[in-house]
Amino acid sequence: IFPTHFTNIFLAHPSMAELESPSVMSKLITFLSSLLQKVAESNDVNRRFHPQKISVFHGLTIPTISIQSYLERIFKYANCSPSCFVVAYVYLDRFTQHQPSLPINSFNVHRLLITSVMVAAKFLDDMYYNNAYYAKVGGISTTEMNFLEVDFLFGMSFHLNVTPNTFHTYCSYLQREMILQPPVNVAESSLYRTARSPKLQLCFNEEESTQQQQQQQQKQQLAV
């Protein structure tokens with residue numbers, strides 16, 4: 001695990017420091033896998049009701065490796081900081097918000113996963129593996145990995161910065177769902193879209209949170 005200035009800031013909060021625990025990370029990997037599995041299966045069904053675009057993330061067939069085994073493989077070999085997996089979830093959230101016609105399904109979830117973790121590692125960690133290494137971990141070619149990275153970045157409009165407040169909010173959301181909603185209440189996740197409502201349901205509005213934070217800072221300045 002590579003220590004970074006971002007990780008040090010995040011781990012200043014006790015709940016975030018728990019990410020360093022192998023047992024907590026194991027539970028997080030299992031939970032994220034369960035969430036993505038349910039989201040993918042739901043959107044597989046939704047394809048019958050809502051047209052979905054085909055992108056570079058779509059495979060010709062559904063990979064034989066399960067989402068959990070794939071995520072565990074990434075966790076084992078990527079050697080990135082634990083925070084990267086939370087940030088990767090943030091990135092997937094943002095990607096689905098910016099690309100509502102490209103929902104996560106069984107044909108693209110694996111490629112989206114390896115790409116989001118790689119981009120998160122590059123943004124957060126001081127040391128990280130190159131695209132060729134991640135391509136081997138993900139079971140794809142280096143050329144494809146390069147294309148996926150570019151499309152993912154453009155797909156989320158290069159919105160890579162994750163503030164400590166945003167990180168904490170997503171951590172709290174994940175922790176709450178892991179405790180209160182075994183396995184997952186998918187309908188509350190921003191990655192999920194129902195057949196009745198094609199719009200994404202956000203679990204966290206970053207703009208509102210930023211505005212509230214700015215208002216709080218202004219009040220503190222006035223008080224001083």
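Being a predicted model, the structure only gives us computed values, none of them experimental. Quick note: numbers below take in every heavy atom, side chains included, and nothing from hydrogens, waters or symmetry partners.
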Full working for side-chain contact (heavy atoms from CB on, under 4.5 Å) between Leu92 and Thr96: CA-CA 6 Å; Leu92 288 174; Thr96 56; 5.6 Å; no
Atom [atom1] of [X] and atom [atom2] of [Y]: how far apart are they, to the nearest 0.5 Å?
X: Leu36; Y: Tyr89; atom1: CG; atom2: OH; answer: 8.5 Å
X: Tyr170; Y: Leu174; atom1: OH; atom2: CG; answer: 9.5 Å
X: Leu71; Y: Ser34; atom1: CG; atom2: OG; answer: 11.5 Å
X: Tyr128; Y: Asn79; atom1: OH; atom2: CG; answer: 15.5 Å
X: Ser42; Y: Ile104; atom1: OG; atom2: CD1; answer: 11.5 Å
X: Leu28; Y: Met25; atom1: CG; atom2: CE; answer: 5.0 Å

What closest approach, in Å, do [X] and [Y] show between heavy atoms, and which atom pair accounts for it?
X: Cys84; Y: Ala121; answer: SG-CA, 3.6 Å
X: Ile29; Y: Phe75; answer: CD1-CB, 4.2 Å
X: Ser106; Y: Ala40; answer: N-CB, 3.7 Å

Identify each donor-acceptor pair in which a side-chain atom of residues 108-117 lies under 3.5 Å from a protein atom, sequence neighbours left out, and give them as a table.
residue: Asn108; atom: OD1; partner: Asn105; partner atom: N; Å: 2.8
residue: Asn108; atom: ND2; partner: Pro103; partner atom: O; Å: 3.1
residue: His110; atom: NE2; partner: Ile65; partner atom: O; Å: 2.9
residue: Arg111; atom: NE; partner: Glu144; partner atom: OE2; Å: 2.7
residue: Arg111; atom: NH2; partner: Glu144; partner atom: OE2; Å: 3.3
residue: Thr115; atom: OG1; partner: Arg111; partner atom: O; Å: 2.6
residue: Ser116; atom: OG; partner: Leu112; partner atom: O; Å: 3.0
residue: Ser116; atom: OG; partner: Leu113; partner atom: O; Å: 2.9

Candidate list Asn165, Thr166, Asn161, test side chain to side chain donor-acceptor pair (under 3.5 Å), partner Thr163, passing option: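 Per the side chain to side chain donor-acceptor pair (under 3.5 Å) rule, the option paired with Thr163 is Thr166, out of Asn165, Thr166, Asn161.
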Geometric class of the Phe152/Phe95 ring pair [parallel <30°, tilted 30-60°, perpendicular >60°]: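 If you compare the ring of Phe95 with that of Phe152, the planes turn out parallel.
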Which pairs with one or both residues in [range] pass salt bridge (Lys or Arg N to Asp or Glu O under 4.0 Å), sequence neighbours excluded?
range: residues 154-169; result: none
range: residues 133-142; result: none
range: residues 68-83; result: none

Backbone of Val56 reached by a side-chain donor or acceptor of Asp151 within 3.5 Å: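 Not a single qualifying donor-acceptor pair exists.
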Whether Tyr133 side chain and Tyr77 backbone form a donor-acceptor pair below 3.5 Å: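 Yes; at least one donor-acceptor contact below 3.5 Å.
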Side chain to side chain donor-acceptor pair (under 3.5 Å) against Thr143, all qualifying residues, sequence neighbours excluded: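 Thr143 satisfies side chain to side chain donor-acceptor pair (under 3.5 Å) with no other residue.
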Name all residues meeting the ring pair (Phe, Tyr, Trp, His ring centres under 6.0 Å) criterion together with [X]; count only those two or more places apart in sequence or in a different chain, and write none if there are none.
X: Phe147; value: none
X: Phe154; value: Phe158
X: Tyr91; value: none

Output all residues satisfying side chain to side chain contact (heavy atoms under 4.5 Å, CB included) with [X], sequence neighbours left out; order by chain, then residue number.
X: Ser157; result: His98
X: Glu149; result: Met118, Val119, Lys122, Asn131, Leu153
X: Thr30; result: Gln68
X: Ala135; result: Ile140, Thr142, Met145

Trace of the side-chain contact (heavy atoms from CB on, under 4.5 Å) decision for Phe85 with Cys80: CA-CA 9 Å; Phe85 290 88; Cys80 57; 3.6 Å; yes
Side chains of Val150 and Asn146 in contact at under 4.5 Å (non-hydrogen atoms):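 Contact flag for Val150/Asn146 side chains = no.
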Working for side-chain contact (heavy atoms from CB on, under 4.5 Å), residues Val90 and Phe167: CA-CA 8 Å; Val90 177; Phe167 185 90; 5.9 Å; no
